Chemist: 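Below: one structure in structure tokens.
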Amino acid sequence: MRCGRAMRAVLATAAVMLAASMAPAAERLPSESATYEMEVMGVQADPQSGAPMVFLRGKQDKRELAMFIGPLEAQAIALPLQGVRPPRPYTHDLMLEALHRLKAKVKRVAITGIRENTYFASLVLDVQGQELVLDARPSDAIALALREDAPILAAEAAFARSPRPGQGAGERGTP
């Protein structure tokens with residue numbers, strides 16, 4: 001029984017590492033010098049479209065970044081901001097539990113840029129002392145970082161075009 005669990009953990013870790021190695025180079029984490037530590041200011045519906053948005057602000061320079069996200073992702077981000085622990089685990093809680101049981105933790109997340117009006121992010125894990133970078137949707141990465149109290153970074157490229165209220169839905173810069 002114990003051997004079976006260990007084998008499943010090894011296979012799961014190998015699958016995560018294989019997936020990370022297949023991520024395109026463009027989605028890799030930018031150099032530390034090109035990133036800004038951000039804080040999540042909140043989640044709010046766009047007054048014109050009603051679509052949820054997440055608002056981030058630079059801790060040092062107060063630059064702002066706003067992204068449209070889905071309603072479920074908005075809830076996943078809002079819960080830890082409000083200090084709410086649901087009675088049953090949500091998807092992001094389950095993901096963190098799985099990571100922790102595999103001896104991994106969220107080290108940091110970075111919003112790496114915007115391409116074709118879609119934001120991209122990297123989820124950086126510490127897997128038993130090894131750094132593992134995964135491609136992630138910004139909303140999922142933010143939801144995990146908030147639950148793990150991990151830093152949220154934004155690359156300069158992410159500020160290229162931040163959406164204005166009333167522009168489309170999804171993790172997009174424009175409709």
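The figures here come from the full heavy-atom set of this structure, side chains too, leaving out hydrogens, waters and symmetry mates. No experiment lies behind these values; they were computed from the predicted model shown.
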Chemist: Among residues at least two apart in sequence or on other chains, which ones pass side chain to side chain contact (heavy atoms under 4.5 Å, CB included) with Lys59?
Modeler: Glu37, Glu39
Chemist: Measure across Ile111 and Pro138 and return the closest heavy-atom pair with its distance rounded to 0.1 Å.
Modeler: CG1-CB, 4.4 Å
Chemist: Given side chains that start at C-beta, do those of Val124 and Val109 come closer than 4.5 Å, heavy atoms only?
Modeler: no
Chemist: Check whether any side-chain heavy atom of Val106 sits under 4.5 Å from a side-chain heavy atom of Leu125, and report yes or no.
Modeler: yes
Chemist: Go through Glu131 and Arg108 one step at a time and tell me if the side chain to side chain contact (heavy atoms under 4.5 Å, CB included) criterion holds.
Modeler: CA-CA 10 Å; Glu131 195 169 275; Arg108 67 184 175 278; 3.3 Å; yes
Chemist: Under a single-linkage definition using a 4.5 Å side-chain heavy-atom cutoff for Ile, Leu, Val, Met, Phe, Trp and Tyr, are Met41 and Met53 assigned to the same hydrophobic cluster?
Modeler: yes
Chemist: In Å, rounded to the nearest 0.5 Å, how long is the span from CZ of Arg137 to CE of Met67?
Modeler: 11.5 Å
Chemist: Mind checking whether Asp46 and Phe68 have side chains closer than 4.5 Å, heavy atoms only?
Modeler: yes
Chemist: Side chain to side chain contact (heavy atoms under 4.5 Å, CB included) with Gln82: which residues, sequence neighbours excluded?
Modeler: Ala78, Val84
Chemist: Which pair of heavy atoms, one from Ala155 and one from Thr112, lies closest together, and at what distance?
Modeler: CB-O, 3.6 Å
Chemist: For Arg63, what residues pass the side chain to side chain contact (heavy atoms under 4.5 Å, CB included) criterion, not counting sequence neighbours?
Modeler: Tyr36, Asp61, Glu156, Phe159
Chemist: Does the pair Glu148/Lys107 count as a salt bridge with the N-to-O cut at 4.0 Å?
Modeler: no
Chemist: My understanding is that only residues two or more places apart in sequence, or in another chain, count here; which of them pass side chain to side chain contact (heavy atoms under 4.5 Å, CB included) with Ala136?
Modeler: Leu123, Ala141
Chemist: Calculate, to the nearest 0.5 Å, the distance between atoms CG and OG belonging to Asp135 and Ser122 respectively.
Modeler: 6.5 Å
Chemist: Do Leu65 and Leu144 belong to the same hydrophobic cluster, where Ile, Leu, Val, Met, Phe, Trp and Tyr are linked whenever their side-chain heavy atoms lie under 4.5 Å apart, directly or via other members?
Modeler: yes
Chemist: Under the side chain to side chain contact (heavy atoms under 4.5 Å, CB included) criterion, do Leu56 and Ile152 qualify, and how do the steps go?
Modeler: CA-CA 9 Å; Leu56 297 104; Ile152 299 169; 3.8 Å; yes
Chemist: Return the minimal non-hydrogen interatomic distance between Ala104 and Val127, and the atom names on each side.
Modeler: CB-CG2, 3.9 Å
Chemist: Let me have the donor-acceptor pairs involving side chains of residues 91-99, under 3.5 Å, with sequence neighbours excluded, atom names and distances please.
Modeler:
from  : atom 1 : to     : atom 2 : distance (Å)
His92 : NE2    : Asp140 : OD1    : 2.9
Asp93 : OD1    : Arg147 : NE     : 2.7
Asp93 : OD2    : Tyr90  : N      : 2.9
Glu97 : OE2    : Arg101 : NE     : 2.6
Glu97 : OE2    : Arg101 : NH2    : 3.2

Chemist: Considering only heavy atoms from C-beta outward, does the side chain of Ser139 approach that of Ile142 to under 4.5 Å?
Modeler: no
Chemist: Specify the closest pair of heavy atoms between Val43 and Ala74, including all atoms of both residues, with the distance to one decimal.
Modeler: CG1-CB, 3.4 Å
Chemist: Can you get from Leu79 to Val54 by hopping between Ile, Leu, Val, Met, Phe, Trp and Tyr side chains that sit under 4.5 Å apart?
Modeler: no
